[in-house]
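One structure is given below, encoded as structure tokens.
In what follows, every heavy atom counts, from backbone to side chain, and hydrogens, waters and symmetry copies are set aside. Within every chain, numbering begins at 1; the chains are lettered A, B, ... in the order of the sequence lines, protein sequences first and strands thereafter. Note that the structure is a prediction, hence the values are computed from the model and not measured.
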Amino acid sequence: MVDKRKAVVEDDDDEEELRTGQGAKKQAQAALGFRKKLKSDAVILASVKKFSETAKDVRQETRTLADLNLPHACKEVVDLNTSSVVLEIERSILSIAKSILAGNGFGYSVPARSSVNQLYVPELDRIVLKDKASFRQFANISSVRKTAITTRILQLVHQLCTKQIHVTKRDLFYTDVKLFQEQGQSDTILDDVSCMLGCTRSSLNVVASEKGVVVGRLIFIEDGDRIDCTKMGVGGKAIPPNIDKVQGMESDALFILLVEKDAAFMRLAEDRFYNRFPCVIITAKGQPDVATRLFLKRMKTDLKLPVLGLVDSDPYGLKILSVYMSGSKNMSYDSSNLTTPDIKWLGVRPSDLDKYKIPEQCRLPMTDQDMKTGKDMLEEDFIKKDKNWYKELELMVKTKEKAEIQALSSFGFQYLSEVYLPLKLQERDWI
Amino acid sequence: MVQADATKAKLGKGSARDATLKLKSPAEFFAENKNIAGFDNPGKSLYTTVRELVENALDSSESIAELPVIEVTIEEISRSAFNALIGLVDRERVDAALYDDFESDKAKEKRLAKEARDQLKQAKALAAGKKVKEAIASKIGKGRGDTSFFKVTCKDNGKGMPHDDIPNMLGRVLSGTKYGLKQTRGKFGLGAKMALIWSKMSTGLPIDIWSATKNQNFISFCRLDINIHKNIPNIHIHEKRSNTEGWRGAELQVTIEGNWTTYRSKIISYMRQMAIITPYAQFLFRYIGPTPDKNMTIRFARRTLVMPPIPEETKYHPSAVDLLLVKRLIADTTKQDLFHFLQHEFISINKSYADRLIGEMGPEFSPKMPVKSLSDEQIVRIHQLFRQAKFDDPTGDCLSPAGEYNLRLGIMKELRPDMVATYEGSAQVFEGHPFIVESGVSLGGKDVKPGINIFRFANRIPLLFEQGGDVVTRTAMKRINWGNYKINQAQDKIGVFVSIVSTKIPFKGTGKEYIGDDISEIAAAVKSALQNCCIQLKSKIVRQQQARERLQRKRNLSKYIPDVSRAIYEVLELMVSGHKSKRQRYGVEYQEMLDKVAGREVTEATIKQKLTQHVQQVDSEMALEFATQSGMADAVRDTIYLRTLDSKRTFAPDLHNSVCVLRLFSGL
């Protein structure tokens with residue numbers, strides 16, 4: 001009780017100072033102090049280069065489910081070429097047609113994608129799908145709708161693959177709005193279908209609309225066009241929804257900077273951060289979509305670069321990192337293609353709030369919902385496996401404070417690109 | 001001896017003080033604090049007057065186990081008619097600006113301009129073909145001018161009042177010196193007396209009483225008002241009139257200031273809810289307005305002849321008394337010694353327990369000591385022990401709940417719901433007072449709004465005000481998960497009925513209009529009663545949903561047949577469109593089918609037909625299963641008529657089989 005009151009009093013003092021301008025001065029001093037700590041870019045670069053090379057040297061041992069001999073049978077999907085997809089679809093259609101003609105109606109055996117059928121595999125550091133499946137019958141009032149939509153999607157995908165064209169999920173939905181009713185329904189069934197056929201969603205020639213952007217020292221070829229991501233202006237290059245058409249990645253970057261938010265991305269792109277420290281900057285503007293995750297995975301495997309994550313200091317930011325690293329429950333059947341393990345948490349970490357003297361008014365109290373998410377995450381294997389990460393999250397839950405990347409702007413809009421990140425790189429302050 | 005004398009003197013002094021308090025307080029106290037008795041404003045006063053009269057009438061009929069027949073009439077009297085009534089000359093307003101509702105020239109100009117604008121707007125809207133709401137009548141003369149005068153009459157078939165007792169029964173306000181404890185309708189024990197005080201305060205007119213007891217050959221007529229300061233009746237007329245029809249009962253007529261417009265809906269819903277909780281009574285409610293077109297008559301018919309028993313008077317539970325009450329009980333008791341006092345004036349204390357209690361009180365107490373000689377300190381000790389000692393809970397025998405049967409009939413009669421479930425909980429105890437919670441939950445019905453409609457009853461009278469904080473409202477809104485019982489809280493028409501009876505209802509607030517949510521015993525009892533109702537409803541709802549589903553199953557399944565058939569056929573068609581040799585790769589078992597598709601033997605129509613057949617088959621299987629599960633209850637029933645046999649009939653030879661024998665008429 002006493003402590004609490006004391007804390008409040010102190011808070012008041014701080015605010016008072018800031019209001020009088022004295023505080024602002026103090027803050028500016030702090031910023032200057034950090035700026036002074038910075039060594040010359042060349043020194044920082046050398047240090048980062050060393051780190052980058054060690055990352056490159058680490059032999060990528062890709063373990064698969066098959067190597068593990070897990071007690072559970074697991075369901076995983078693979079990339080299939082279009083003709084195999086066509087064949088798979090035709091086989092299912094043939095078998096149901098036969099069943100119908102024999103007067104038995106029909107149904108599909110669809111792998112269950114609910115959370116009880118999910119499993120986190122620590123050895124792989126990602127979520128996989130167990131092999132539980134449910135049989136959806138047409139002549140059952142509760143499953144008739146899903147069965148009908150599945151049949152229609154199968155036919156549409158069959159058409160797409162035969163014609164070798166790609167459409168977005170939205171396009172797919174609009175081909176039969178009357179049946180699908182809302183896009184959520186066709187999207188869910190689409191995931192069911194790819195699970196059922198055992199292929200990735202991109203193999204079905206259905207893609208999500210563009211969401212992620214990339215900028216920086218990266219050159220690749222998309223459908224025959226050479227794309228230089230240093231010449232993409234401030235907005236960056238939209239990540240192509242169809243990863244198959246991306247080839248020949250080249251880069252002289254030292255690391256990949258994964259940014260949670262559009263605003264921070266724009267700041268870094270405009271300040272041409274990637275020219276000062278050779279890097280590739282990528283963002284999915286919040287929760288990552290499939291295309292961005294595929295792209296990141298591709299960059300990581302092709303270029304063998306370390307990935308540094310810059311997210312908000314709140315449970316949601318960590319959630320986003322976890323999706324990049326160990327996959328989402330919704331797409332767990334394809335986690336092997338979508339996850340990029342070994343992302344370093346650069347910032348903004350709960351311990352940074354005090355370390356970088358982020359002023360009180362930029363910190364926000366965590367809501368009840370935040371607290372609940374935070375406490376739930378403490379229980380998750382994904383956090384538990386790394387002691388440092390666990391400590392950081394524990395600190396967050398203990399202080400009940402969160403901050404966005406933008407909190408750094410209180411020292412000046414360019415503080416992020418000019419002081420915070422270089423300092424982080426210099427001190428190799430990531431976990 | 002000395003000590004005893006001192007106590008006596010003290011007591012004597014105390015009672016003398018009490019007497020002066022009694023004389024002064026009741027009538028004047030309530031006149032000054034009329035809001036706590038429900039006379040906050042003219043509108044509410046009209047409402048409270050009606051309810052006090054109705055509740056009095058019900059009590060009177062029930063006390064002689066007679067099914068109540070009650071007629072309530074509210075007659076509106078305009079100001080001029082009222083003036084004529086009291087012999088006042090109606091005066092024209094001379095100085096218009098003197099009055100509150102005076103309209104200055106400027107205001108008038110403004111109003112006229114606004115009306116003109118509104119008219120223009122309406123005309124435009126009309127021209128555009130829009131529906132126009134009735135222009136709201138401009139309110140002139142609001143404020144006190146809106147209230148007018150009402151003659152409220154209530155007639156019952158109760159036991160009537162003895163001729164000589166009438167003035168004292170109505171014209172004197174007595175404080176609650178009731179001995180013992182009883183479940184009663186009234187909240188303050190004031191009844192019609194408060195209406196009398198209000199009439200005295202607002203109109204100054206006396207009240208009229210007609211009354212006749214059983215087998216009485218005259219009707220007592222009494223016109224009286226009350227002398228508030230002296231708390232004595234002021235009799236105008238008190239006479240015997242002829243009773244040729246052998247009428248029994250009482251009729252009260254009181255003229256008061258009131259407001260019908262604002263409290264009309266409250267008065268009507270009060271009558272309606274009273275009809276729900278009292279389905280064995282017949283109510284006739286009449287309103288006579290200033291113009292005939294506003295008249296209304298509502299009749300609430302009797303639905304049952306079963307009346308709950310009259311609540312019994314009971315003694316106090318030791319844990320329910322306070323110090324003052326202990327003193328009063330000691331002053332009033334006829335028992336001589338402490339032992340008998342304890343044994344007879346309280347429930348849950350028997351002989352051996354009385355002994356043990358006296359033993360526990362200390363050495364200065366003995367069973368034989370005269371109870372009237374106890375010192376103040378000793379009484380405090382007894383009271384403390386009552387608080388600390390453990391006693392058996394009082395039983396609910398003294399309570400008279402409406403009964404599940406009556407509650408159910410009341411709900412069905414007034415709401416005509418699609419479904420109703422009722423439940424009566426067992427008696428429970430709060431602070432030494434037993435209580436019983438009864439509840440009903442209904443779905444659907446006439447004049448029921450979608451969502452939760454709450455009907456609260458305390459000691460079998462409806463509670464209409466301050467619903468928000470009530471334990472029933474809170475429980476129904478927050479603590480019942482309606483979804484669990486397949487009830488949609490937002491869309492279904494849910495009626496929630498909770499009736500609580502107790503020897504003491506723990507009301508909250510000055511108006512005694514709601515029961516607080518902070519009493520966990522009552523909250524838990526209400527919750528469990530409602531849950532029990534919901535559980536009963538759930539099975540009904542599920543069965544109904546299944547039946548509905550059964551009807552729709554075929555249609556819902558068939559709806560998707562065209563989509564599916566087309567999709568399947570399109571894929572098949574695409575497959576056979578290529579070269580014939582390609583078909584080999586699908587395997588031999590599909591060869592024949594693909595050939596048929598290519599040869600147009602199997603088309604979209606074939607698939608459609610096969611699927612339809614399958615759906616039909618599944619549907620009939622399911623229907624059969626449903627029928628075997630739910631038994632024959634839902635089978636179609638036909639009325640059959642049996643004819644009495646007479647000797648004229650002749651029969652064909654009996655047909656025997658393993659189950660029964662059939663005998664058929666011959667020669668028909």
Handout entry: For the student: nearest non-hydrogen atoms of F138(A) and L557(B), plus distance
Key = O-CD2, 3.4 Å
Handout entry: More than 12 heavy atoms of other groups within 6.0 Å of E431(B) CD
Key = no
Problem - Enclosure of R170(A) CZ (heavy-atom neighbours >12, cutoff 6.0 Å) - result: yes
Problem - Neighbour count above 12 (heavy atom, 6.0 Å) for K329(A) NZ - result: no
Practice task
Report, as yes or no, whether the 6.0 Å neighbourhood of atom NZ on K446(B) holds more than 12 heavy atoms from other residues, nucleotides or ligands.
Solution key: yes
Practice task
Measure the CD-CD distance between E573(B) and Q155(A) for me, rounded to the nearest 0.5 Å.
Solution key: 10.5 Å
Exercise for the section: Select, from Q159(A), R145(A), R152(A), the one with the greatest count of heavy-atom pairs under 4.5 Å involving chain B. Expected result: R145(A)
Problem - Region of N140(A) that comes under 4.5 Å of a non-hydrogen atom in chain B - result: backbone
Fill in the blank from the handout: Ordered numerically, the heavy-atom neighbours of chain B under 4.5 Å found in residues 95-109 of chain A are S95(A), I96(A), A97(A), K98(A), I100(A), L101(A), G103(A), N104(A), G105(A), F106(A)
Handout entry: Choice from N556(B), L574(B), D619(B) maximising heavy atom contacts with chain A below 4.5 Å
Key = L574(B)
Handout entry: Over 12 foreign heavy atoms within 6.0 Å of CD, E592(B)
Key = no
Handout entry: Segment of Y560(B) engaging chain A (4.5 angstrom heavy-atom cut-off)
Key = both
Problem - Under 4.5 Å from any heavy atom of chain B - which part of I153(A) - result: neither
Completion exercise
Distance col, row H158(A):NE2 vs M575(B):CE, nearest 0.5 angstrom, shows 6.5 Å
Practice task
Against chain A, label V564(B) side chain, backbone, both or neither, depending on which of its atoms sit under 4.5 Å from a heavy atom there.
Solution key: both
Problem - When V86(A), L94(A), L156(A) are compared by non-hydrogen pairs under 4.5 Å with chain B, the top option - result: L94(A)
Problem - Side chain, backbone, both or neither of L594(B) within contact of chain A (heavy atoms, under 4.5 Å) - result: side chain
Exercise for the section: Using a cut-off of 6.0 Å, state whether more than 12 heavy atoms not belonging to K540(B) lie near its atom NZ. Expected result: yes
Practice task
Check each atom of V602(B) against the heavy atoms of chain A and say whether the ones under 4.5 Å are side chain, backbone, both or neither.
Solution key: side chain
Problem - V615(B) side chain near V144(A) side chain, heavy-atom distance below 4.5 Å - result: no
Handout entry: CZ-CG distance between R566(B) and L179(A), expressed to the nearest 0.5 angstrom
Key = 9.5 Å
Problem - Region of E589(B) that comes under 4.5 Å of a non-hydrogen atom in chain A - result: both
